2 protein chains.
Amino acid sequence: MQISELARRAGIPVATVKYYLREGLVPPGELTGATRARYGEEHLARLRLVRALLGPGRLSVATARAVLAAVDDPGTSVHEALGAAHRALPGVGVDGAPDLDEARAHLRRWGWRVAADSPALLALAGALDALRTAGSPPPDGLLDRYAAAAGRLGEQDVADIPAGSLVEAVRFVVVNTVLLEPVLLALRRLAQEDASRRRFPDGRPSGAEGR
Amino acid sequence: MQISELARRAGIPVATVKYYLREGLVPPGELTGATRARYGEEHLARLRLVRALLGPGRLSVATARAVLAAVDDPGTSVHEALGAAHRALPGVGVDGAPDLDEARAHLRRWGWRVAADSPALLALAGALDALRTAGSPPPDGLLDRYAAAAGRLGEQDVADIPAGSLVEAVRFVVVNTVLLEPVLLALRRLAQEDASRRRFPDGRPSGAEGR
DNA sequence: TGACATTGGGAAGTTCCACTATCCAACATT
DNA sequence: AATGTTGGATAGTGGAACTTCCCAATGTCA
């Protein structure tokens with residue numbers, strides 16, 4: 001398969017495929033001459049993964065490269081690879097050094113143990129900080145409920161990781177970490193909408209929902 | 001308070017405040033002369049909210065404007081306002097028209113009822129689509145578990161909405177919808193890290209977690 | 001009162017990002 | 001031999017989020 005067919009099958013312009021090759025998101029094809037290279041099914045799969053990470057996954061090209069590097073070089077253990085993936089991912093845009101202590105205290109209360117420099121910890125602290133400066137500190141108990149739900153999810157996510165091949169496990173971890181986030185957020189909003197409909201039946205006749 | 005003090009107290013450059021004023025994210029101050037305007041505490045609060053939405057909330061300026069419009073004009077009911085906020089928010093970058101039927105079938109199974117054109121529904125369908133084209137359809141049962149967790153969260157989110165003032169309710173809804181998302185994602189990653197540590201104790205001596 | 005700094009407002013410039021377009025010489029195909 | 005495609009490189013584009021610059025009007029201090 002040459003680049004034009006690869007691009008066509010992936011549904012994106014050739015110029016964009018070249019761009020991804022240049023950026024190192026997709027490995028180069030096998031050169032069969034100075035102006036010819038051959039690509040295989042694995043290139044197509046990689047391309048689709050890249051598009052999923054950049055689009056729905058909302059990763060930047062630079063972040064995607066870092067995440068894919070973790071996929072390509074799955075260190076020595078799944079736990080390590082998960083750490084690498086998390087480190088590559090953009091937490092929340094944290095400006096200064098938010099108050100890590102509060103976040104750490106929560107974790108201790110929930111019995112969660114994570115690395116001292118875990119990026120997710122920083123992200124949590126930053127997000128809590130943002131809520132506070134936005135003038136809406138989370139109501140009492142809300143955080144605990146969120147933690148309970150997140151705990152179940154994380155537990156299941158990890159339980160689902162295929163134990164066999166390390167490479168496969170890493171790919172699974174990365175894809176599930178990144179691409180299930182939009183799913184989770186969409187589900188939460190849908191649940192909110194359903195709950196809101198039940199709590200606020202709303203007097204408006206019909207079409208109240210229209211724009 | 002004049003613009004320079006407003007900017008200083010919010011911790012951002014004056015030019016940026018002017019930019020937000022121009023973009024309509026922050027209402028204009030009260031003019032006290034041709035080259036003088038007065039701002040109050042409510043402007044400061046609004047500015048902080050804007051920064052939280054643009055930063056940790058990851059909203060674009062255009063999206064933030066739409067979301068804030070819902071805050072400023074809280075229609076006639078909380079349910080409606082929540083719909084407006086959801087509509088303004090960026091679901092997942094959905095390209096074509098993904099397969100809504102599958103997503104709808106799931107909702108029916110969970111007993112959730114939402115508007116036919118709910119943006120979250122579109123987002124869910126798009127996210128599932130992305131997972132599939134990325135070559136990693138969610139394992140059996142995973143979606144149900146995610147829905148169960150999301151259901152509890154959405155239920156609680158809605159239960160927490162203050163019933164008194166409509167304006168206050170809308171602000172609460174918007175802030176909680178947008179700013180709790182990073183919190184939820186961070187919590188999930190932390191839970192994953194904790195679960196992964198327990199499942200993969202990992203032979204590496206110490207420092208395996210280092211960069 | 002006069003010198004100086006600040007303000008609101010607008011236009012233009014900057015930086016970054018994710019592409020996209022154009023070129024070119026080397027090939028392959030007809 | 002003519003034509004078209006390719007890999008590779010360089011430059012250009014359009015959008016987003018600021019940032020800089022400028023102005024006349026105005027406040028403020030000496």
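In what follows, chains are A, B, ... by sequence order, proteins preceding strands, each numbered from 1. For clarity, every value in this text was computed on a predicted model and none was experimentally measured.
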Can you tell me how far [atom2] of [N] sits from [atom1] of [X], to the nearest Å?
X	N	atom1	atom2	result
A/Lys18	D/dT6	NZ	C1'	7 Å
A/Leu31	C/dC27	CG	C1'	13 Å
A/Leu21	D/dA9	CG	C1'	13 Å
A/Glu23	C/dA18	CD	C1'	9 Å
A/Arg65	C/dC17	CZ	C1'	12 Å
B/Gln2	C/dG9	CD	P	12 Å
A/Leu53	C/dA18	CG	P	13 Å

Residues that A/Trp112 engages under ring-ring contact (aromatic ring centres under 6.0 Å, His included), provided they are two or more places apart |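 For A/Trp112 the ring-ring contact (aromatic ring centres under 6.0 Å, His included) partners, ignoring immediate neighbours, are A/Trp110.
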Could you tell me whether the side chain of A/Glu181 and the main chain of B/Leu185 form a donor-acceptor pair under 3.5 Å?
->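 No; judged by distance alone, with no hydrogens or angles, the pair does not exist.
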With A/Arg8, which residues qualify under salt bridge (Lys or Arg N to Asp or Glu O under 4.0 Å), at least two apart?
->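 Result, salt bridge (Lys or Arg N to Asp or Glu O under 4.0 Å) vs A/Arg8: none returned.
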With sequence neighbours left out, write down each residue that passes salt bridge (Lys or Arg N to Asp or Glu O under 4.0 Å) with B/Glu168, or none if nothing qualifies.
->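 If we apply the salt bridge (Lys or Arg N to Asp or Glu O under 4.0 Å) test to B/Glu168, skipping adjacent residues, there are no hits.
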Could you check if a side-chain atom of A/Val17 sits within less than 4.5 angstrom of a side-chain atom of A/Val26, using non-hydrogen atoms only?
->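 No, side chains not in contact.
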Select from A/Arg22 and B/Thr32 the residue whose nearest nucleotide in DNA chain D is closer to the 5' end of that strand.
->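 Nearer the 5' end of the strand: A/Arg22.
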Qualifying residues under side-chain hydrogen bond (donor to acceptor under 3.5 Å, both in side chains), relative to A/Asp194, sequence neighbours excluded =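 So A/Asp194 forms a side-chain hydrogen bond (donor to acceptor under 3.5 Å, both in side chains) with A/Arg197, A/Arg198.
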Just jot down the side-chain hydrogen bond (donor to acceptor under 3.5 Å, both in side chains) partners of B/Glu23, sequence neighbours excluded, or say none.
->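 B/Glu23: side-chain hydrogen bond (donor to acceptor under 3.5 Å, both in side chains) contacts with B/Arg65.
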Partners of [X] by side-chain contact (heavy atoms from CB on, under 4.5 Å), sequence neighbours excluded?
X	answer
A/Glu42	none
B/Glu30	B/Arg38
B/Pro27	B/His43, B/Arg46
A/Arg104	A/Leu100, A/Asp101, A/Arg108, A/Leu121

Among the candidates D/dG8, C/dT7, C/dT20, find the nucleotide nearest to the side-chain atoms of B/Ser4.
->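 The closest nucleotide is C/dT7.
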For DNA chain D, which residues in residues 33-46 of chain A have a heavy atom at a distance below 4.0 Å?
->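 Here the set is A/Thr35, A/Arg36, A/Ala37, A/Tyr39.
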Its contact letters, B for base, S for sugar-phosphate only and - for none at protein heavy atoms under 4.0 Å, make nucleotides 12-17 of chain D read -----B
Contact residues, residues 5-16 of chain B to DNA chain C [heavy atom, < 4.0 Å] |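 Those residues whose heavy atoms fall under 4.0 Å from DNA chain C, taken from residues 5-16 of chain B, amount to none.
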